[in-house]
Amino acid sequence: MISIALAGKPNAGKSTFYKAATMADVDVANYPFTTIDANRGVSHVRTECPCLERDERCGDDNCRGGKRYVPVELLDVAGLVPGAHEGRGLGNQFLDELTNADAIVNVVDASGGTNEEGEPVEIGSYDPVDEVDFIEEEMDQWLTGIIDRNWESVERKSRSPDFDIDDALADMLTGFGATEADVAASLRELDYPADPIQWTDDHREALARDVRARTKPIILVANKADVAPPENIERLRETGKPVIPATAEGELALRQAEQAGVVDYDPGDDDFEVVGDLSDEQEAGLEKIREVMAEWGGTGVQAAMNAAVYDLLDRITAYPVQNETKWTDAKGNVLPDAFLLPRGSTPVDLAHAVHSDIGEGYLHAVNAKTNRDISDDYELEEGDVIKIVSTAS
Ligand SMILES: Nc1nc2c(ncn2[C@@H]2O[C@H](COP(=O)(O)OP(=O)(O)OP(=O)(O)O)[C@@H](O)[C@H]2O)c(=O)[nH]1
Ligand SMILES: [Mg+2]
């Protein structure tokens, strides 16, 4: 499963985002380091279900009237302060938790109402652009440290006659989520001595920065948009990084109200409808959220999950089925599974994602929307429904 990690300075709203996005029960409070141990849970990205092209909707938990929710892992970790890579705050322990993440959602307090240590200050008095820079810097320095600590082993390997620097670095960095292709691409970008013994700290740091950017891409959530001065969000946008304005607190309130049966709202909707009885106070709170949603096109929480997976990681959703006419599995469930594959994936890749045996035994595939055979090098598109024919199925 794709893994997305929430990172950011303390008190920015990471756990509120996590709670809203997973509906798990975690601590949220207005002081730094509320979260100590990482929370790991299941959230979803939202897409259009292929069933919209048919007469009937799927009618299960994953598809709410054609709004398809595909599971991804979400990780909420302790806040990060400047110097974390040297152990400040809850530093290293938290950074190590990011090892398995495919992408990072940096939850920024766009209101400027907390300083770099996460302590409450007057709204607008801290510049949120500063936390964008230091979070990235901490991640880069953390990886630099990992490479430094492992360099001796690269030097040792370099004495062997069949030494290959790409292989040696890939070995070291796979644990960090880097593939051989990532390492090779980074090395192509950099100038470096052939002999690892000649590498300086600067060479290792340059490698760390490039590999980090490739393997842990970052998207910014401009959280607390409900109280943020609009110019702060503008300034965050000027960094050139993808920015999603959000109110994690608003999303949490809506999901809780939806569970209580008082509003009709599906995560990612740009508005909601009140369907139950509310106190005047509750009603006023929800109307405030409605105004923020109108301004930004929703609460931003679902939008951030989607941007991380579909934009940053460039995934598409493919739906394997056994029956290409009914779009069902062997048990008759309609569109039971959805896989988030890298753009450019082929039917063979989908077969491997379903099961390694199905991949090994792959024979051919049928596009269930057109009922035609597709070639082995066909590039899957968002929403494709595919029957795989394999010796293993
Ligand atoms: N106004 C506003 N406040 C928010 C929003 N999201 C979170 N908060 C508040 O921000 C404070 C910190 O929220 P948490 O979710 O605990 O923050 P965190 O980033 O997990 O903090 P640490 O675990 O200490 O690193 C709490 O008082 C939240 O209620 C939001 O969208 N708007
Ligand atoms: Mg927290």
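In listed order, ligands and their atoms are each counted from 1.
- Checking Tyr378 against Asp384 by side-chain atom types alone, a donor-acceptor pair falls below 3.5 Å.
- The NE2 atom of His364 sits 12.5 Å away from the OG atom of Ser375 when rounded to the nearest 0.5 Å.
- At least one N/O-N/O distance between Asp226 and ligand 1 falls below 3.5 Å.
- Close approach of ligand 1 to Gly79 (heavy-atom distance below 4.0 Å) involves ligand atoms 25 (O).
- Atom-to-atom distance recorded for Glu379:CD and Asp377:CG is 8.5 Å, nearest 0.5 angstrom.
- Counting atoms of ligand 1 from 1 in the listed order, those under 4.0 Å from a heavy atom of Pro10 are 25 (O).
- Each of the atoms 26 (C), 27 (O) of ligand 1 lies under 4.0 Å from some heavy atom of Asn30.
- Not a single heavy atom of Gly8 sits closer than 4.0 Å to an atom of ligand 1.
- For ligand 1, the atoms sitting less than 4.0 Å from at least one non-hydrogen atom of Pro32 are 24 (O), numbered in the order shown with element in parentheses.
- Scanning all heavy atoms of the two residues, the minimum distance from Val274 to Arg290 falls at CG2-NH2, 4.1 Å.
- From the protein, the heavy atom lying nearest to atom 21 (O) of ligand 1 is Asn11 N, 2.9 Å.
- Among protein heavy atoms, atom 18 (P) of ligand 1 sits closest to Lys14 N, 3.5 Å.
- What sits closest to atom 15 (O) of ligand 1 on the protein, heavy atoms only, is Thr16 OG1, 2.6 Å.
- In this structure, the protein non-hydrogen atom closest to atom 10 (O) of ligand 1 is Lys224 NZ, 3.2 Å.
- Distance check, rounded to the nearest 0.5 Å: CG of Asp182 to CG of Leu173 gives 9.5 Å.
- At a heavy-atom cutoff of 4.0 Å, ligand 1 is contacted by the side chain of Asn223 but not by its backbone.
- Paired with Arg237 under the rule side chain to side chain contact (heavy atoms under 4.5 Å, CB included), one option of Val243, Asn232, Leu220 passes, and it is Val243.
- In summary, the atoms of ligand 1 found under 4.0 Å from a heavy atom of Ser15, numbered by their order in the structure, are 15 (O), 18 (P), 20 (O).
- Remark: ligand 1 and Val227 share no N or O pair separated by less than 3.5 Å (distance only, no angle test).
- Considering only non-hydrogen atoms, atom 5 (C) of ligand 1 lies nearest to Glu249 out of Lys9, Lys19, Glu249.
- Between the OG1 atom of Thr35 and the OG atom of Ser15, the angle centred on the Mg ion (ligand 2) amounts to 80° when rounded to 10°.
- Using a 4.0 angstrom heavy-atom cutoff, Ala29 counts as in contact with ligand 1.
- Closest of all the heavy-atom pairs between Ala29 and Thr34 is O-OG1, 3.5 Å.
- In this structure, the separation between OH on Tyr319 and CZ on Arg68 is 5.5 Å, given to the nearest 0.5 Å.
- In this structure, Arg204 forms a cation-pi arrangement with Trp151, its terminal cationic atom sitting closer than 6.0 Å to the ring centre and no more than 45° off the ring axis.
- Per-residue contacts place Tyr31 under 4.0 angstrom from the following atoms of ligand 1 (heavy atoms of the residue considered): 24 (O).
- Taking a 6.0 Å sphere around CD of Glu119, one finds it holds more than 12 heavy atoms contributed by other residues, nucleotides or ligands.
- Open room surrounds CD on Glu152; 12 or fewer heavy atoms of other groups in view lie less than 6.0 Å from it.
- Taking any N or O of Gly13, backbone or side chain, at least one lies under 3.5 Å from an N or O belonging to ligand 1.
- The shortest N/O to N/O separation between Ala12 and ligand 1 falls below 3.5 Å.
- Proximity of Tyr18 to ligand 1, defined as any heavy-atom pair under 4.0 Å, is not found for any part of the residue.
- Put simply, the side chain of Glu136 reaches to within 4.5 Å of the side chain of Arg212, judged on heavy atoms.
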